[in-house]
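Notes for the one structure printed next.
Both ligands and their constituent atoms are indexed starting at 1 by order of listing. Quantities reported herein were computed from a predicted structural model and do not represent experimental measurements.
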Amino acid sequence: MREVAVVGLGYVGLTMAACLAARGIRTTGVDVDKEKLAMVERRTSPFYEPGLQDMLSESLRSGHLALTADCEEAVGRSELVFVTVGTPSNPDGSINLDQIKAACTNVGSALRKSPRYHLTVIRSTVTPGTTENVVKPLLESGSGKTCGSDFGLCVNPEFVSEGRAVDGTMNPGRIIIGEWDSQAGDILERFYAGFCDGKMPPVLRTTFANAELIKYANNAFLATRVSFINSLANLCERIPGADIELIAKGIGLDPRIGPLFLRAGLGWGGSCFPKDLRALVEFARAKGEGLPVIRSAYDVNEFQPLRAVRMAEHLIGSLRGKRVAVLGVSFKPETDDTREASGLVVIHGLLREGAEVTVYDPRALQNARAVHGEKVRYAQSALECIEGADCCIVVTEWDEFRKLTAEDFVKRMRIPSVVDGRRIYDPNLFKSKARFAAIGLA
Ligand code: UGA
């Protein structure tokens, strides 16, 4: 099996490196952050991702996974180089390519020193044209070699979700390959055929630009679906007898629509949807296209978390001096990631209204503390969080919160009142016992 380097150990890169190693591929993970490398060397994942910790330990123990800050050395001994560095937003929303440029400069120098053919694979999310106009020139000038004849280049976007990254990496649902030439595409397809061991998913081979745009289209489509259902949820709240859950179920039965990504809630967050939609809109604007549908999806999402604050006011009146419990601050369950999480916006809105906020999350309290510091209290359990509270807002649908009963709230809260921001409770069980409001429910 070939040796592989994975450059950039965020959740995509670190999970990928661990998964490749777990399948017996000799893999070197590269990152500039030495503290992070030391942490992983100690067999500790720098973030919470189910299953990753064990996989990392095993891969390091077996010796299939090695770690280094020396990109050139890692690339020199690898036939395949996956670039998985971050592509954050610039202040104007456009994509920031600093990490891509730094990584490709290092890969270019490594290629200069190597007599062999190496294939570089861009797995980071980059706007159309980046691989051809930024990555390829950097690799060619850094190496003094020619793309195609001397080294290979592909774009291979990833579609794994946080919280399910290990399974998504081990069992990809599809493989999109943007290729400079068929030699490069063939090598990558063969690599995946080996990795997937006979269970090869559908493969689409195309140009760099198409592969780059497929990734943005994918995230923009999913985010738009969620904003679509959230808009209708807001309408349902004004129609007696209406319930968005039923509307979603009804339309989801249409095979042309399907049931996924129709869960109404307090909006989407995370490290991908917000920054990718901003980057796509800004990219399109520079090309003279407005993308009004996608812009609206983004705008809807800006206001969605604050609906929870309005609902709390509706239930208990002015929030000034009131104690509000917030359950969940990660942007979704099974992650400790709070980047652009709705929970942070909700907390901000509550503080602005003068509420005293207590937060609990099974995994993300440390990240919440980094944002809100001592402005809020942090509870050690869900029950401690709601103790003596005047209102509780459920922001993230952790299983732990689903298990709470109406009686738990009634027993512990000063005023039993619950805002279900993720539709995890049966309104019939709650409405008779507590003040209750839920997204998308009349
Ligand atoms: C997303 C995509 O789903 C992945 O395919 C993609 O690879 C990844 O971005 C990326 O670009 O790296 P992720 O951000 O981990 O993955 O999370 P999702 O499961 O897509 O959820 C995104 C947000 O939408 C969350 O805040 C979630 O709570 C929200 N959501 C999702 C809803 O509010 N309703 C739904 O029905 C589904």
Side-chain angles (χ1 to χ4, degrees), residues 8 10-16 47-50 84-89 95 123-127 156-169 171-176 212-234 244-245 247-249 251-252 257-280 297-298 300-301 304-305 307-308 328-346 361 364 394-398 401 420-424 439-440:
Y11 92 90
V12 171
L14 188 60
T15 310
M16 183 173 196
F47 49 85
Y48 174 67
E49 184 63 45
T84 52
V85 295
T87 49
S89 299
I95 188 170
R123 206 152 161 75
S124 305
T125 301
V126 292
T127 43
N156 172 224
E158 54 80 24
F159 301 99
V160 300
S161 302
E162 289 184 43
R164 287 189 300 272
V166 169
D167 183 51
T169 307
N171 306 295
R174 74 199 121 138
I175 293 166
I176 306 292
E212 290 163 328
L213 189 53
I214 285 168
K215 168 70 191 200
Y216 281 98
N218 212 91
N219 276 356
F221 187 79
L222 292 174
T224 303
R225 266 178 83 105
V226 178
S227 282
F228 171 87
I229 204 71
N230 283 343
S231 303
L232 286 174
N234 300 345
I244 195 62
E245 296 271 278
I247 309 301
K249 197 169 180 187
I251 63 171
I257 296 176
L260 301 179
F261 275 75
L262 288 180
R263 276 182 291 109
L266 296 177
W268 37 265
S271 64
C272 304
F273 282 8
K275 84 154 169 87
D276 288 351
L277 264 70
R278 282 195 294 269
L280 181 59
Y298 191 90
V300 166
N301 200 59
Q304 196 63 16
R307 294 188 76 87
V329 75
S330 60
F331 84 98
K332 65 176 193 179
E334 296 305 327
T335 176
D336 59 3
D337 199 340
T338 56
R339 284 176 285 179
E340 310 218 19
S342 303
L344 299 179
V345 183
V346 171
D361 187 288
V394 177
V395 176
T396 314
E397 66 275 33
W398 285 95
F401 304 155
D420 183 355
R422 296 288 174 185
R423 300 304 306 265
I424 62 173
I439 286 289

Hey, does G270 sit under 4.0 Å from ligand 1 if you only count heavy atoms?
no
Do the side chain of E49 and the main chain of G163 share a donor and acceptor less than 3.5 angstrom apart?
yes
Please work out whether the ring planes of F273 and W268 are parallel, tilted or perpendicular, with thresholds of 30° and 60°.
perpendicular
So if I count the atoms of ligand 1 from 1 in the order they appear, which ones are less than 4.0 Å from some heavy atom of E162?
15 (O)
Identify which of F261, Y11, F159 has a heavy atom lying nearest to atom 37 (C) of ligand 1.
F261
Does ligand 1 come near enough to V160 that some N or O of the ligand is less than 3.5 Å from an N or O of the residue?
yes
Using the ring of F159 (Phe, Tyr or Trp, six-membered ring only), decide whether R174 places NZ or CZ under 6.0 Å from its centre and within 45 degrees of its axis.
yes
So, E162 versus S271: side-chain donor-acceptor pair below 3.5 Å or not?
yes
Does the R263 side chain pair with the main chain of I229, one donor and one acceptor, at a distance under 3.5 Å?
no
In ligand 1, which numbered atoms sit nearer than 4.0 Å to a non-hydrogen atom of V226?
32 (C), 33 (O), 34 (N), 35 (C), 37 (C)
Looking only at protein heavy atoms, what sits closest to atom 36 (O) of ligand 1 is R263 N, 2.8 Å
Using a 3.5 Å distance criterion without hydrogens, assess whether the side chain of T169 forms a donor-acceptor pair with backbone atoms of M16.
no
Any heavy atom of R422 under 4.0 Å from ligand 1? The part involved is side chain
Measure from the side-chain N and O atoms of R422 to the backbone N and O of V394, and report whether any donor-acceptor pair falls under 3.5 Å.
no
If the contact criterion is a heavy-atom separation under 4.0 Å, does G269 count as touching ligand 1?
yes
Where A308 and L266 come nearest, the two heavy atoms and their spacing
CB-CD2, 3.8 Å
Look only at the side chain of S124 and the backbone of T87, and say whether a donor-acceptor pair between them is shorter than 3.5 Å.
no
Within less than 4.0 angstrom of ligand 1, does Y216 place any heavy atom?
no
Could you tell me whether some N/O pair between F273 and ligand 1 is separated by less than 3.5 angstrom?
no
At what distance is the nearest protein heavy atom to atom 9 (O) of ligand 1, and which residue and atom is it?
C272 CB, 3.3 Å
Compute the shortest N/O to N/O distance between F331 and ligand 1 and return yes if it is under 3.5 Å, no if not.
yes
Sub-4.0 Å atoms of ligand 1 with respect to non-hydrogen atoms of S161
3 (O), 4 (C), 15 (O), 16 (O)
Among protein heavy atoms, which sits nearest to atom 2 (C) of ligand 1, and what does the distance come to when rounded to 0.1 Å?
N219 OD1, 3.5 Å
Can you list the atoms of ligand 1 that are under 4.0 Å from a heavy atom of L262?
36 (O)
Ligand-residue contact atoms, ligand 1 with K215, heavy atoms, under 4.0 Å
6 (C), 7 (O), 10 (C), 11 (O), 12 (O)
Passes side-chain contact (heavy atoms from CB on, under 4.5 Å), V395 versus V329? Steps please.
CA-CA 7 Å; V395 176; V329 75; over 6 Å; no
Can you tell me the protein heavy atom closest to atom 13 (P) of ligand 1 and the distance?
K332 NZ, 3.8 Å
Can a donor-acceptor pair be found between the side chains of N230 and N234 at a distance below 3.5 Å?
no
To the nearest 0.1 Å, how far is atom 23 (C) of ligand 1 from its closest protein heavy atom, and which atom is that?
W268 CB, 3.5 Å
Between E397 and K332, does at least one N-O distance fall below 4.0 Å, as a salt bridge requires?
no
So is T125 in contact with ligand 1, going by heavy-atom distances below 4.0 Å?
no
